[in-house]
Every structure is written in structure tokens, then in C-alpha cells.
> 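Just passing along the structure, written as C-alpha cells.
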Amino acid sequence: MERHPGDAPHSATTRCDLVVVGAGPAGLAEAFWALHARPDQRVVVVEAAPVPGGWVRTEEVDGFRLELGPQALRPSDSLDALIAALGMEGEVVPASASAKLRHVGRGGRLIPVPTGPGAFLGTPLLPLSAKLRLLTEPFRRKRADVDPTESISSFVGRRFGRHAVPLVQAVVSGIFAGDADHLEVGSAFPLLAEAERQHGSVFAGMKAKARTAREAHRGAHRPKRPALLSFRTGMQTLTDRLASALGDRLMLGAAAERVTCGGDAYRVTLADGRSFDTQNLILACPARVSESLLRGLDRDLAADLGGVPYASLASVYLDLDAALIPATMRGFGFLLEPGESSEVLGGLSCSDVFPDHAPEGRFLCRMMMGGRRFPDLVDRSDEELVALATSTLGTYTGYRGPARAIRVARVHSAIPQYEEGHHARLERIGTRLRERHPGLRLRGNSYRAIALTGQLGTPTPDPV
Ligand SMILES: Cc1cc2nc3c(=O)[nH]c(=O)nc-3n(C[C@H](O)[C@H](O)[C@H](O)COP(=O)(O)OP(=O)(O)OC[C@H]3O[C@@H](n4cnc5c(N)ncnc54)[C@H](O)[C@@H]3O)c2cc1C
């Protein structure tokens with residue numbers, strides 16, 4: 001047995017072909033695909049929590065299906081492949097057609113987001129001058145030097161005009177619980193920045209992307225995909241299924257404590273003293289955890305990992321009377337623009353999107369609050385959060401019926417923020433891993449893709 005710095009004498013070490021730290025969606029999918037490619041390899045996934053799935057968590061309460069983490073998934077080719085590999089095609093539940101409908105809160109009321117050219121021309125969300133400005137985006141000159149560190153607000157203002165900025169800020173708070181003035185467009189929405197760089201315009205880039213996708217699937221009889229999907233027993237079905245495919249290769253309640261390197265292998269030591277040696281190590285835990293695991297191995301790399309900021313979020317789940325739901329609550333839900341008097345980020349009409357998420361005659365609404373703009377809100381009492389949720393719901397949607405709080409859920413330091421410096425940080429991390437730590441890879445949503453679908457792709461050799 002090899003001795004590594006910091007080892008306890010006589011600790012038991014197991015040699016593995018692949019060790020994955022973290023059994024959130026990213027770690028589970030990496031291990032699953034690795035075994036799919038080579039079933040005979042020795043894989044171990046260590047997870048600190050007593051259950052797998054990371055932030056993906058579904059609870060059934062009083063006939064309501066509560067998603068404590070992601071509410072839905074966006075389909076993609078890699079998600080299709082994963083669902084097929086798990087044999088879960090029959091368990092997919094598409095979002096209802098009304099999920100296309102969304103509202104934005106401005107000036108104390110909700111305004112529908114236009115879904116077609118006619119609605120776009122008529123929407124009060126933008127003045128006529130701003131609509132014309134938006135239509136001229138393809139003719140706007142691109143920046144001579146593409147700046148991946150430009151903020152989303154600056155990019156949108158430059159390409160689409162200043163009136164489009166608050167709308168995009170609302171969307172960003174829905175995706176990142178973040179602040180569009182600080183998130184880097186090249187990191188948070190790389191397709192937008194890339195569209196400008198390659199095609200000179202966002203619209204032209206999107207058109208080209210759609211054309212490429214059509215060509216790639218020409219001749220293939222692919223059923224039309226829903227905009228969003230879930231599973232028959234909720235989002236956790238997917239991570240539970242991945243976890244059971246791993247069997248006893250998945251170790252729960254097994255927190256990694258440090259990573260060292262001696263000779264030809266990395267050694268992952270758990271808090272209970274057990275350890276695993278491997279030449280292939282994937283850290284699929286949050287970057288702030290990877291920081292502490294790697295501190296003894298590479299201080300500079302750890303410092304970069306520790307630089308990724310996170311947002312916290314609270315959700316209040318409300319049981320409403322389905323017979324009294326106003327039209328403003330039909331569809332996916334609403335997001336408030338910054339500058340509104342409420343600290344709520346938005347509300348999701350969960351049971352309008354997935355009718356099986358509420359019992360007959362009831363309506364499930366998830367009000368989300370906190371995020372980067374209101375960082376301390378998550379620490380307020382349940383009573384305060386419920387009061388904020390119900391008063392904001394009444395003000396914006398006009399719902400006047402009874403509202404019963406089913407649950408208040410908080411996630412602390414849960415959503416990574418690709419803010420100023422993220423692009424440069426990833427460049428440094430990638431270089432460091434390539435040059436000094438071959439076989440060590442970083443996965444998960446701390447780096448390049450914030451949403452769940454981005455964590456479920458087939459493995460790539462990229463270090464980060
Ligand atoms: C409230 C909320 C709502 C969301 N809504 C959506 C949505 O609607 N749609 C969408 O697409 N995405 C959504 N997301 C994002 C989505 O949940 C994430 O993209 C996804 O969970 C990230 O997966 P991950 O594996 O990278 O990380 P995580 O889910 O964070 O998993 C990391 C795992 O590492 C484990 N770990 C930590 N430390 C250690 C250690 N020392 N040793 C071993 N294991 C460790 C953790 O316990 C955890 O299980 C939402 C996220 C949150 C928080």
C-alpha cells in the first residue's frame with residue numbers, strides 16, 4: 001500500500017479505476033456513463049449526504065408534489081440518450097402546453113411575455129422605439145473585440161437597447177437567482193456571446209443554430225420535444241434511477257475530506273478514514289467543496305475554486321383554491337423585474353405546468369425569494385417568508401382566495417454565480433489541471449452550465 005501525505009497509519013485503501021466525489025446529478029451521470037462504456041471497471045461514488053441526488057429532491061405532502069430543487073428539465077440530445085439508457089421513456093411527463101405562457105411583474109402588476117410576432121407588436125412591455133430597436137439587432141455592429149467578461153446587462157443593452165435590460169434581469173433572476181449586472185454573458189449565456197462573435201448578431205446566430213439542428217436531425221423521425229419535462233413521480237425519479245443503476249458502487253454518508261497525490265495516483269480520504277486510490281478522479285461537488293478537498297494538493301487551484309460565489313434561495317409552497325385562480329396565474333409563472341417593491345423573485349404555477357403536482361380542485365404555487373439581490377432574506381423566519389409570499393401573490397396576480405403554506409424550503413449557498421472573473425478563473429483552472437493534474441476533472445454546475453440538463457451529458461475528457 002502506498003503512503004500519501006496526511007495518511008493515518010494503517011488506514012484501509014481501495015484501488016479504483018474511477019472515483020467520483022458527489023452524487024448529485026453530475027456525479028451520478030458521470031459514473032453511470034463511465035460504467036455504460038466499460039461495465040467491468042471499478043467505480044466508486046462517494047456522497048456526503050445520506051441520500052443521492054444533490055439539490056434534486058421531490059417530496060409528497062398532503063397530495064401535493066413539491067420539488068425542493070429543480071422544478072423541470074429542458075430536453076436535449078444528451079438527456080434523450082440518458083433517458084433511453086435508463087429505460088425511462090415511459091416515465092417522462094411533458095409540461096402542459098400552457099407552460100409557454102409567462103408573465104413579468106412590473107409596476108405592481110403582471111404583464112404577459114409575448115409569445116409570437118403579433119403579441120410582440122402589441123405588448124406594453126416595450127415602447128415602440130424599443131421594439132424597432134430590437135428588430136434592428138441583426139444590423140447592429142458587433143464589438144471589434146469580443147469581451148467574455150462583459151455583463152449580461154451591458155450585452156443586452158448594447159445589442160437590444162436599454163428597455164430590454166429589466167426584462168432580461170427578471171429572466172436572469174429566474175435562472176441564476178442572480179444579478180445580470182454582475183453575471184458574465186460569456187460564462188452565463190455562452191451561446192449569446194458566441195452568436196455575436198461568429199455571426200455578428202444574436203438573431204443570426206440563433207437562426208444558424210436552428211438550421212444546424214434541423215440538418216443534424218434531417219431524416220430522423222424524432223417526436224416533437226416538449227419545452228420542459230419531469231417524470232411520473234417527480235424529478236427525483238431520475239437521480240434515484242441513476243443511483244440504483246450504480247448499486248453498491250455508490251457510498252452514502254461518505255464525505256470526502258481531502259485529496260492527495262502520491263506516485264501514480266490520487267488518494268481520496270473520507271472523514272471516517274477510509275481512502276480510495278485512482279488515476280481518474282472526478283470532483284462533482286460544489287467548487288467551494290473542491291477548494292477544501294484540494295487545498296493540500298494545490299493551493300493556487302484551490303484558491304480559484306474558492307472564488308466562485310453562490311446564491312441562497314427560499315421557496316414557499318402555497319396551496320390555493322383552483323376555482324379562484326386568475327388568468328395571470330395560468331402558464332409557467334411570473335418573474336419580477338428589479339426595482340419592484342417586493343423581495344420575491346417570482347412565482348411558479350407548478351400545477352398548471354404539471355397538473356399531477358396538486359390534488360383535484362387545488363392549485364400549487366411555489367414562490368421563490370432571496371437570491372443574489374436579497375442575500376439575507378433566506379434567514380428570515382418561516383412566518384415572515386410566508387407573509388411575504390402571500391402578500392406578493394395577492395398584489396401581483398390578484399388571487400383573493402385562501403392560501404395555505406404547505407412548506408417553506410431554504411437552500412443555502414446552492415446556486416453558483418458566474419460573475420466577474422469567472423471566465424478567467426475557468427481558463428486558469430483548466431490550464432492548471434491539464435499541466436499539473438492529469439486525470440483530475442471537475443464537474444457540476446459550478447463551472448459552465450447552471451441548469452440540470454447541463455450536468456447530464458455523456459463524459460468528455462475536458463478537465464473542467
Ligand atoms: C432551488 C433550486 C432550483 C433549481 N431549479 C432548477 C430548474 O428548475 N431547472 C434546472 O434545470 N435546474 C435547476 N436548478 C439547478 C440544478 O438543480 C443543478 O444544476 C444541479 O442540481 C447541479 O447538479 P450537481 O451535481 O452539479 O450539484 P449538486 O446538486 O449540488 O450535487 C453535489 C453533490 O455533492 C455532494 N457533496 C458535497 N460535499 C461533498 C463531500 N465532501 N464529499 C462527498 N460528496 C459531497 C453534495 O451532498 C451533493 O449531493 C435548481 C437548483 C436549485 C438549488
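Numbering starts at 1 and runs along the sequence shown. Indexing begins at 1, ligand by ligand and atom by atom, following the structure's order.
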> Classify the contact between Arg366 and ligand 1 as side chain, backbone, both or neither, using a heavy-atom distance cut-off of under 4.0 Å.
side chain
> Between the side chains of Asp179 and Arg372, is the shortest nitrogen-to-carboxylate-oxygen separation below 4.0 Å, so that they form an ion pair?
no
> Give yes or no for whether the N/O distance cutoff of 3.5 Å, strictly under, is met between Ala26 and ligand 1.
yes
> What atoms of ligand 1 come closer than 4.0 angstrom to any heavy atom of Ala255?
42 (N)
> Would one find more than 12 heavy atoms of other residues, nucleotides or ligands at under 6.0 Å from atom CZ of Arg42?
no
> So, Ser349 side chain and Met329 main chain: donor-acceptor pair closer than 3.5 Å or not?
yes
> Show, in sequence, the C-alpha distance, side-chain angles and deciding distance for Asp181 and Ser151, and conclude whether the side-chain hydrogen bond (donor to acceptor under 3.5 Å, both in side chains) test is met.
CA-CA 6 Å; Asp181 292 348; Ser151 76; 5.6 Å; no
> Could you tell me which atoms of ligand 1, counted from 1 in the order shown, lie closer than 4.0 angstrom to a heavy atom of Gly24?
25 (O), 31 (O), 33 (C), 49 (O)
> Would you check the N or O atoms of Met368, main chain and side chain alike, for any that come under 3.5 Å of an N or O of ligand 1?
no
> Looking only at distances, please establish whether an N/O atom of ligand 1 is found under 3.5 Å from an N/O atom of Ile415.
no
> Which of these, Leu28, Val43, Val44, sits in a side chain to side chain contact (heavy atoms under 4.5 Å, CB included) with Leu246?
Leu28
> Filter on side-chain hydrogen bond (donor to acceptor under 3.5 Å, both in side chains), then keep only pairs touching residues 20-31, sequence neighbours left out; what's left?
Glu30-Arg443
> Counting heavy atoms only, which part of Leu68 comes closer than 4.0 Å to ligand 1: side chain, backbone, both or neither?
backbone
> Charged N to carboxylate O under 4.0 angstrom, Asp277 versus Arg267?
yes
> Can you check whether Asn445 has an N/O within less than 3.5 Å of an N/O in ligand 1?
yes
> Purely on distance, is any nitrogen or oxygen of Pro25 under 3.5 Å from one on ligand 1?
yes
> For ligand 1, which is the ligand I care about here, please tell me if Ala23 has any N or O atom under 3.5 Å from one of the ligand's N or O atoms.
no
> Is the closest basic N to carboxylate O distance between Asp264 and Arg15 below 4.0 Å?
yes
> With a heavy-atom distance limit of 4.0 Å, tell me whether Val289 approaches ligand 1 through its side chain, its backbone, both, or neither.
side chain
> Decide, yes or no, whether a salt bridge links Arg432 with Asp304 under the criterion of side-chain N to carboxylate O below 4.0 Å.
no
> Can you confirm, on distance only, whether ligand 1 has an N/O atom lying under 3.5 Å from any N/O atom belonging to Ile450?
yes
> What do we get for Ala284 next to ligand 1 when only non-hydrogen atoms under 4.0 Å count, side chain, backbone, both or neither?
backbone
> Side chain, backbone, both or neither: which applies to Ala72 and ligand 1 if a contact is any heavy-atom pair less than 4.0 Å apart?
backbone
> For ligand 1, which atoms have a heavy atom of Ala414 less than 4.0 angstrom away?
53 (C)
